[in-house]
Chemist: 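Supplied in C-alpha cells, the structure appears directly below.
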Amino acid sequence: MKIKVTFPDKKIVEINSGASAAEAIASWNKDALTNAVAVKLNGEIVDLSRVLKKDAVIDVIDVNSDAGLDILRHSISHVMAHAVQEVFKGAKVSIGPSIQDGFYYDFEYEKPFTTDDFEKIETKMREIIKADYPFVREEIERQKAVKLFTERKEDYKVELINDLPPDIEIVSIYKDGNYIDLCRGPHIPSTGVIKAFKLLSVAGAYWRGDEKNKMLQRIYGTGFADEESLTNYLTLLEEAKKRDHRKLGKELDLFQVNEEAGAGLIIFHPKGMMLRYIIEDWERKEHLKRGYEMVMGPQILKVDLWKKSGHFEHYRDNMYFTEVDEQTYGIKPMNCLSHMLIYKSKIRSYRDLPLRYFELGTVHRHEKTGVLHGLLRVRQFTQDDAHILCTPEQLNTEIRAIADFVNYAMGIFGFEYEVELSTKPDHYIGTDQDWQLATDALKNALEDNKINYVINEGDGAFYGPKIDFKLKDALKRKWQCATIQCDFTLPERFDLSYIGADGEKHRPVMLHRVILGAIERFMGVLIEHYAGAFPVWLAPTQCILLTVTDKHIPYAQSVYEKLTEAGIRCEKFFENEKLGYKIRQAQMQKIPYMLVIGDKEVSAAAVAPRARDGANLGSVPVQEFIELVKEMCEKRK
RNA sequence: GCCGAUGUAGCUCAGCCGGCAGAGCAACUGAUUCGUAAUCAGUAGGUCGCCAGUUCGAUUCUGGCCAUCGGCUCCA
C-alpha cells in the first residue's frame with residue numbers, strides 16, 4: 001500500500017506504508033538527511049526511525065535548530081548516563097533533560113563525583129559514540145517497565161513510572177547498546193551522530209527539586225552539532241567570566257564583601273559609591289518629575305506593627321530582630337509600614353489621591369548562606385521603593401504609568417526585559433475576592449499597555465499579586481528588578497481610609513513598586529551589562545589626565561582644576577612613568593577618556609583626548625572637551 | 001539550609017610523600033624625563049581563613065567553624 005507524505009516545500013512523495021520517516025525524507029531530498037536528527041510528523045516531534053503507516057505531513061528537524069539541539073543534547077545526556085554507569089558501577093539514574101545551552105543528568109552514587117572524574121566519563125562517552133549504537137525506541141506495558149527497572153535497581157525510574165497518571169498503560173524506553181532509559185524521546189538515530197560535547201560541572205540537586213528529598217549528584221554538560229560551535233560556546237563562557245561583576249568590582253575598585261564584616265553585606269568603595277550616587281540622583285529626579293514625594297522611615301519598628309501587617313507571621317524567617325529596652329523591634333525587610341503610617345497621619349480626601357510615597361529604603365533580609373552572590377543576592381540592600389495609595393478607579397492609570405516608567409528606565413540603560421504576572425501563592429493573607437480584583441487590575445493594565453507577559457502561577461507576594469520585570473544579564477540569566485504589586489490587604493489591616501465625594505469613608509488600594517529593584521542588584525547587572533566600561537554619564541571617573549613628562553605637571557594641574565570646577569569627574573596620573581604605561585593603566589580601569597598632556601597641549605591650552613576604544617581625538621581646547629562631556633551626560637551616553 | 005570544591009603577600013597564583021614559605025603584578029626607594037596598552041635596578045611585605053586534634057615537628061594529615069565558588073531549594 002502506498003501513502004502520501006507532504007514536505008515543507010509542498011512536494012508530495014509517495015512511499016510504501018511501513019517505511020520510516022528517514023526513508024521518506026531520503027526519497028524527497030537526500031541532502032536533507034545530512035543534518036537531520038528527528039522529524040516533525042503531523043506537528044509532533046518524533047524519531048527519524050518512526051514508521052509511517054498513513055498519509056503524513058513531515059518537516060525535518062535540523063541539528064542546528066533549537067529543537068534539533070535540544071534532541072542532540074538530550075541524547076548526549078543519555079550517553080553520559082550510559083558512560084557513568086559503566087565507569088561507576090551501581091550509580092542510579094534519575095532524570096537527564098536538555099536545558100538552555102546544554103544538558104544535565106542526576107545520579108545517586110555512594111561516592112561524590114568530582115571534575116577529576118570527567119576525563120574517565122568523557123573517554124567512555126567517546127567509546128560509546130564510536131561504537132555508534134542506534135537509539136532504539138520500544139513501547140512496553142507499564143507493569144513490564146516497572147519490572148524491568150526494578151530488576152535493574154533503578155529506583156528513581158520505578159518511582160517515575162508509578163507516579164504517571166493511572167490511564168497511561170504504555171511507556172517508551174530507549175536503548176543504546178546495553179543502556180536502557182525510561183524516556184519519552186525523541187532521540188538522534190545513533191550515538192555516532194554526536195560530534196562535539198563537554199562535561200562542565202558537578203553540583204548537588206534535590207530529587208524532583210524538593211528540598212525534603214534526597215540530594216542527588218548532577219553533572220552538567222553541553223553539546224553542539226560541531227566542534228567549532230562548541231569552541232565558540234566555551235569561548236563565550238570565558239568572556240562572560242571576564243565581565244563577572246565580582247571580578248570587575250575588585251579590579252575597578254567599586255566594592256567589597258568582607259568576611260569580618262559579614263556575608264552578604266556590601267561595602268561600597270569611593271568609585272562604587274559614585275556610581276551608586278549617580279544612579280540614585282537620576283532616580284530621585286525622575287520620581288519628582290512623575291509626582292512622587294520623597295519620604296523616609298526608620299530601620300527598626302516595633303514587633304507589634306510587623307504582627308499587624310502579617311510580616312511576623314509570613315516573613316519572620318527572613319527578618320532580623322533586635323531587643324531594645326525590653327522591647328522587640330523588627331529590622332525592616334520592606335518599606336511599606338512607615339509609608340502606611342504617613343498615610344494614616346491625617347484624614348485623607350479623595351482629592352488627595354493618588355499619593356505616591358518614594359523612599360530609597362534600605363532593608364535587611366536574612367537570606368540563606370548558600371544563595372548569597374556578589375551584589376546580586378545580599379542581606380542588606382536599598383530598594384527604589386514607592387507605595388501608591390489610590391482609589392480603585394485610579395488603579396489602572398497608576399499601574400500603566402509605572403509600567404511606562406519601568407520601560408523608560410530600562411531604555412536609559414539599554415536593558416531588555418521580560419514580563420511575568422505572578423498570582424496567589426500557597427501562603428497568603430486577604431480574601432480570594434480581593435486577590436481576584438488585584439490580579440485583574442494588573443492584567444488589564446498590562447493588556448491596555450499592550451505588554452506581552454507570561455503567567456507565573458503561585459509566585460505572588462503573600463499580600464498580593466505582582467507584575468515582575470525580569471531583565472537579562474550577560475550570562476542570559478534573568479534577574480527580577482522592577483516589580484509592581486497590587487495590595488488590597490494591607491490597607492485593610494491598617495484600616496486606611498479616605499473620604500469620598502459622597503462624604504463616606506472608603507478604602508484605598510495600595511501599589512508597592514520598585515523600578516530598578518534593589519540598587520545593589522541593579523548595579524551588579526549593570527556592571528556585567530557594560531562589562532565595567534560605563535558610559536560617560538555613569539562612569540565614576542570620566543577622564544584621567546596623563547602627563548608626558550614632569551614638566552607638564554603645572555599645566556596639567558590647572559586643567560584638573562578647570563575640569564573639576566566644571567563638575568567633571570577627573571583623575572590625575574602625574575607619576576614619573578612612560579606614557580604607554582599610563583595609558584595601559586587607564587585602559588584597564590576602563591576610563592572613558594585619557595587626556596594626554598605634552599608640549600603641544602601646553603602651548604595650545606588644550607588636551608589630547610584618547611577615547612577608551614583607542615580613538616585619538618587629537619588636540620582639543622579644554623573648554624571644548626568640557627562641553628563634549630557635558631553633552632554626553634545630558635544625553636545619557 | 002543542602003551537595004561538592006576552594007581559602008597561601010594588596011591582586012593573580014605556584015608550593016611533591018609532614019622538616020624554617022615562592023613568583024609575577026601592585027607598593028616603597030633610586031635612576032630615567034620619555035607622545036598613545038607594561039623603562040631599569042633595588043627594598044619591604046605572610047598568624048598559609050579561624051579553632052581544636054594527631055605528631056618530636058602541621059601551610060601540608062584529621063575534625064569543627066567561618067567565608068568564597070559551582071549548583072539545588074528560596075528570593076529584590
Side-chain angles (χ1 to χ4, degrees), chain A residues 104 106 111-117 200-220 241 244 246-247 250-251 253 256-264 315 317-318 333-334 361 363 365-385 422 459 461 466 468-470 479-483 485 512 514-522 524-525 546-553 575-588 594-601 608-612 614-619:
Chain A
Y104 66 79
D106 287 349
K111 184 180 86 55
F113 298 140
T114 71
T115 46
D116 296 339
D117 297 324
L200 297 173
S201 59
V202 280
Y206 298 109
W207 167 233
R208 298 190 140 182
D210 188 334
E211 64 182 325
K212 290 185 210 66
N213 288 341
K214 188 180 172 78
M215 183 153 274
L216 305 175
Q217 298 190 62
R218 175 171 297 180
I219 300 180
Y220 283 95
K241 261 189 207 164
D244 188 312
R246 293 166 298 188
K247 185 173 152 68
K250 207 176 272 177
E251 288 171 0
D253 199 13
Q256 64 171 305
V257 184
N258 191 300
E259 195 176 328
E260 285 183 276
Y315 208 74
D317 291 348
N318 276 299
M334 298 183 194
V363 297
R365 296 185 187 174
H366 181 259
E367 301 291 344
K368 291 174 177 176
T369 51
V371 306
L372 302 174
H373 184 100
L375 292 175
L376 299 180
R377 197 72 188 273
V378 296
R379 285 182 171 157
Q380 181 195 335
F381 56 97
T382 301
Q383 296 175 301
D384 57 340
D385 206 0
S422 297
D459 215 31
K466 54 180 184 167
D468 291 328
F469 297 79
K470 306 214 166 173
W479 289 98
Q480 184 177 324
C481 289
T483 175
Q485 307 174 350
H512 309 241
V514 290
I515 304 294
L516 305 181
I519 303 293
E520 287 78 359
R521 173 176 288 184
F522 186 77
V525 180
L546 312 179
T547 44
V548 176
T549 74
D550 285 355
K551 67 178 183 215
H552 306 118
I553 292 177
E575 267 76 64
N576 175 12
E577 291 286 353
K578 288 173 110 168
L579 184 59
Y581 176 82
K582 295 186 188 184
I583 287 177
R584 181 182 154 79
Q585 295 300 318
Q587 196 76 45
M588 289 193 304
M594 292 153 233
L595 305 179
V596 176
I597 295 188
D599 288 342
K600 267 186 279 176
E601 285 69 40
R610 180 193 205 270
R612 189 165 45 191
N616 193 338
L617 280 64
S619 262

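Chain naming here is simple, since letters A, B, ... match the order of the sequence lines and numbering starts at 1 in each. Since this is a predicted model, take the numbers as computed values, not measurements.
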Chemist: Any side-chain N or O of A:Lys582 under 4.0 Å from OP1/OP2 of B:G35?
Modeler: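 No.
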
Chemist: Can you tell me how far P of B:G71 sits from CG of A:Asp106, to the nearest Å?
Modeler: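 These atoms are roughly 14 Å apart.
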
Chemist: Could you work out which one of B:G4, B:G70, B:U73 sits closest to the side chain of A:Lys368?
Modeler: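 That would be B:U73.
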
Chemist: Select one nucleotide: of B:G35, B:G70, B:C75, the one nearest the side-chain heavy atoms of A:Arg377.
Modeler: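 Selected nucleotide (nearest to the side chain): B:C75.
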
Chemist: Can you tell me if the side-chain N/O atoms of A:Gln480 get under 4.0 Å from OP1 or OP2 in B:A76?
Modeler: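 For B:A76, OP1/OP2 do have a side-chain N/O of A:Gln480 under 4.0 Å.
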
Chemist: From NZ of A:Lys551 over to P of B:U33, roughly how many Å is that when rounded to an integer?
Modeler: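 Checked: the NZ to P distance equals 11 Å.
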
Chemist: Write down the distance separating the P atoms in B:C48 and B:G4, rounded off to the nearest Å.
Modeler: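 It works out to 28 Å between them.
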
Chemist: Using whole Å, what does the distance between atom P of nucleotide B:C75 and atom CE of A:Met334 come to?
Modeler: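 After rounding, the reported distance stands at 11 Å.
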
Chemist: Report yes if a side-chain nitrogen or oxygen of A:Arg246 is closer than 4.0 Å to either non-bridging phosphate oxygen (OP1 or OP2) of B:A67; otherwise report no.
Modeler: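 Checking B:A67 against A:Arg246, no side-chain N or O comes under 4.0 Å of OP1 or OP2.
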
Chemist: What nucleotide among B:U12, B:U73, B:C75 has an atom nearest to a side-chain atom of A:Glu367?
Modeler: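 That would be B:C75.
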
Chemist: To the nearest Å, how far apart are A:Gln256 CD and B:A67 P?
Modeler: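 Computing the A:Gln256:CD to B:A67:P distance gives 16 Å.
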
Chemist: Could you check how far CD of A:Glu577 sits from P of B:U29, rounded to whole Å?
Modeler: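 It works out to 13 Å between those atoms.
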
Chemist: Of the listed nucleotides (B:C75, B:G4, B:U36), which one gets closest to any side-chain atom of A:Arg365?
Modeler: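 Ranking B:C75, B:G4, B:U36 by closest atom to the A:Arg365 side chain puts B:C75 first.
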
Chemist: Could you give the distance separating B:C34 and B:U39 at their P atoms, to the nearest angstrom?
Modeler: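 One P to the other, the span is 15 Å.
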
Chemist: So does A:Leu516 get a backbone contact from the side chain of A:Asp384, meaning a donor-acceptor N/O pair under 3.5 Å?
Modeler: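 Answer holds: yes.
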
Chemist: Of the candidate nucleotides B:G4, B:U33, B:C74, which contains the atom at the shortest distance from the side chain of A:Asp550?
Modeler: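 Looking only at heavy atoms from C-beta outward on A:Asp550, the closest nucleotide is B:U33.
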
Chemist: Answer with base, sugar-phosphate or nothing: what part of the nucleic acid does A:Lys212 contact at a heavy-atom distance below 4.0 Å?
Modeler: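 No contact.
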
Chemist: Closest approach to the side chain of A:Ala203, judged atom by atom: which nucleotide of B:C11, B:G71, B:U68 is it?
Modeler: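 Of the candidates, B:G71 comes closest.
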
Chemist: Among B:C72, B:U68, B:G35, find the nucleotide with the atom closest to the side chain of A:Met215.
Modeler: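 Of the candidates, B:C72 comes closest.
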
Chemist: How many Å lie between CD1 on A:Ile597 and C1' on B:G35, as a whole number?
Modeler: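 Taking atom C1' of B:G35 as the reference, CD1 of A:Ile597 is at 12 Å.
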
Chemist: Say we look at B:C20 and B:A67: how far apart would their P atoms be, to the nearest angstrom?
Modeler: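 It comes out at 34 Å once rounded to the nearest Å.
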
Chemist: Respond yes when some side-chain nitrogen or oxygen of A:Lys247 is under 4.0 Å from OP1 or OP2 of B:C11, and no when none is.
Modeler: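 It does not, given that no N or O in the side chain of A:Lys247 lies less than 4.0 Å from OP1 or OP2 of B:C11.
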
Chemist: Could I get the full list of side-chain hydrogen bond (donor to acceptor under 3.5 Å, both in side chains) partners for A:Arg612, not counting sequence neighbours?
Modeler: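 None.
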
Chemist: Is there a donor-acceptor contact under 3.5 Å from the side chain of A:His366 to the main chain of A:Arg379?
Modeler: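 Not at all, since once roles are kept as given, no pair shorter than 3.5 Å links the two residues.
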
Chemist: With hydrogens left out and only the distance checked, is there a donor-acceptor pair under 3.5 Å joining A:Glu601's side chain and the base of B:G35?
Modeler: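 Yes, a donor-acceptor pair under 3.5 Å.
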
Chemist: Considering only atom P, compute the distance from B:G46 to B:G10 and round it to an integer number of Å.
Modeler: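 It works out to 8 Å between them.
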
Chemist: Using a cut-off of less than 4.0 Å, is there contact between a side-chain N or O of A:Tyr220 and OP1 or OP2 of B:C3?
Modeler: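 A:Tyr220 to B:C3 OP1/OP2: no side-chain N or O under 4.0 Å.
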
Chemist: Can you check the A:Asp459 CG to B:C75 P distance for me, whole Å?
Modeler: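 Rounded to whole Å, this separation is 6 Å.
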
Chemist: Report which part of the nucleic acid A:Asp468 touches: base, sugar-phosphate, or nothing (heavy-atom distance under 4.0 Å, all strands).
Modeler: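 Contact class for A:Asp468: none.
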
Chemist: For RNA chain B, whose closest nucleotide is more 5', that of A:Gly374 or that of A:Val514?
Modeler: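 The 5'-side residue here is A:Gly374.
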
Chemist: Would you classify A:Val378 as touching base, sugar-phosphate or nothing, given that sugar-phosphate means primed atoms plus P, OP1 and OP2, and contacts are heavy atoms under 4.0 Å?
Modeler: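 The answer is base, as A:Val378 lies within the cut-off (heavy atoms under 4.0 Å) of a base atom.
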
Chemist: Do the side-chain N or O atoms of A:Tyr581 get closer than 4.0 angstrom to the phosphate oxygens (OP1, OP2) of B:A26?
Modeler: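 Yes, A:Tyr581 has a side-chain N/O under 4.0 Å of OP1/OP2 on B:A26.
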
Chemist: Counting C-beta onward and ignoring hydrogens, is there a side-chain heavy-atom pair between A:Gln256 and A:Lys250 closer than 4.5 Å?
Modeler: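 Not in contact.
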
Chemist: Are the side chain of A:Arg218 and the backbone of A:Asp106 linked by a donor-acceptor contact shorter than 3.5 Å?
Modeler: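 A pair under 3.5 Å: no.
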
Chemist: Is the phosphate of B:A37, meaning OP1 or OP2, less than 4.0 Å from a side-chain N or O of A:Arg612?
Modeler: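 A:Arg612 to B:A37 OP1/OP2: no side-chain N or O under 4.0 Å.
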
Chemist: A:Asn213 CG to B:C3 P: how many Å, rounded?
Modeler: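 My rounded result for the distance is 14 Å.
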
Chemist: Quick one: does A:Ile583's side chain get under 4.5 Å of A:Leu546's, heavy atoms only?
Modeler: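 Touching, per the 4.5 Å side-chain cut-off.
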
Chemist: Looking at every strand, decide which applies to A:Ala608 at a 4.0 Å heavy-atom threshold: base, sugar-phosphate, or nothing.
Modeler: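 Answer is base: heavy atoms of A:Ala608 come under 4.0 Å of a base.
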
Chemist: What nucleic acid atoms does A:Gly580 come within less than 4.0 Å of, heavy atoms only: base, sugar-phosphate, or nothing?
Modeler: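 Sugar-phosphate: the residue A:Gly580, judged by heavy atoms under 4.0 Å, touches backbone atoms but no base.
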
Chemist: Within the distance-only criterion (no hydrogens, no angle test), does the side chain of A:Asp244 pair as donor or acceptor with the backbone N or O of A:Lys241 below 3.5 angstrom?
Modeler: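 Answer holds: no.
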
Chemist: Any idea if B:C17 is syn or anti, going by the 90°-from-0 cut?
Modeler: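 For B:C17, whose glycosidic angle is within 90° of 0, the conformation is syn.
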
Chemist: By nearest atom, which of the nucleotides B:U33, B:C34, B:G7 is closest to the A:Glu259 side chain?
Modeler: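 Given the options B:U33, B:C34, B:G7, the side chain of A:Glu259 is closest to B:G7.
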
Chemist: Under 4.0 Å, counting only non-hydrogen atoms across every strand here, what does A:Arg521 touch: a base, just sugar-phosphate, or nothing?
Modeler: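 Contact class for A:Arg521: base.
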
Chemist: Determine which bases of RNA chain B form Watson-Crick or G-U wobble pairs with both distances under 3.5 Å, and write the result as a 5' to 3' dot-bracket string with | for other-strand partners.
Modeler: (((((((..((((.....[..)))).(((((.......))))).....(((((..]....))))))))))))....

Chemist: Which listed nucleotide (B:G70, B:U73, B:A37) is nearest to the side chain of A:Ser201?
Modeler: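 Nearest listed nucleotide: B:G70.
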
Chemist: Going by side-chain contact (heavy atoms from CB on, under 4.5 Å), A:Gln585 matches just one of A:Met588, A:Lys582, A:Gln587. Which one?
Modeler: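 It is A:Met588; the other options fail the test.
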
Chemist: Checking all strands, does A:Val202 fall into the base, sugar-phosphate, or nothing category for heavy-atom contacts under 4.0 angstrom?
Modeler: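 Contact class for A:Val202: base.
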
Chemist: With a 3.5 Å cut-off and just heavy-atom distances, do the side chain of A:Tyr206 and the base of B:G1 make a donor-acceptor pair?
Modeler: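 Under the 3.5 Å cut-off, the side chain and the base do form a donor-acceptor pair.
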
Chemist: Sticking with atom C1', work out how far B:U73 lies from B:A9, rounded to a whole angstrom.
Modeler: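 Rounded to whole Å, the distance is 38 Å.
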
Chemist: Kindly compute the distance separating CZ (A:Arg377) from NZ (A:Lys368), expressed to the nearest 0.5 Å.
Modeler: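 A:Arg377 atom CZ to A:Lys368 atom NZ measures 9.5 Å (nearest 0.5 Å).
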
Chemist: Stacking between A:Phe113 and the base of B:G4 (centre distance under 5.5 Å, interplanar angle under 30°)?
Modeler: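 Stack criterion not met.
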
Chemist: Picking from B:A76, B:C66, B:C72, which would you name as closest to the side chain of A:Gln383?
Modeler: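 Per side-chain heavy atoms of A:Gln383, the pick is B:A76.
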
Chemist: Considering only atom C1', compute the distance from B:A21 to B:A14 and round it to an integer number of Å.
Modeler: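 Approximately 11 Å lies between the C1' atom of B:A21 and that of B:A14.
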
Chemist: Atom NZ of residue position A:Lys212 - does it have more than 12 heavy atoms of other residues, nucleotides or ligands inside 6.0 Å?
Modeler: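 At most 12 heavy atoms, drawn from other residues, nucleotides or ligands, come within 6.0 Å of this atom.
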
Chemist: Side chain of A:Asp459, backbone of A:Ser422: donor and acceptor closer than 3.5 Å?
Modeler: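 Side chain of A:Asp459 to backbone of A:Ser422: no pair is present.
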
Chemist: Using the P atom on both, measure B:G63 against B:A5 and round to a whole Å.
Modeler: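 To the nearest whole Å, 11 Å.
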
Chemist: Quote, to the nearest angstrom, the C1' distance that separates B:U36 from B:C50.
Modeler: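 48 Å, rounded to whole Å.
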
Chemist: Is the backbone N or O of A:Thr382 less than 3.5 Å from a side-chain atom of A:Glu520, with the two atoms forming a donor-acceptor pair by type?
Modeler: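 Yes, A:Glu520 side chain to A:Thr382 backbone: donor-acceptor pair under 3.5 Å.
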
Chemist: Taking for each residue the nucleotide of RNA chain B with the nearest heavy atom, is it A:Gly209 or A:His552 whose nucleotide lies nearer the 5' end?
Modeler: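 The 5'-side residue here is A:His552.
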
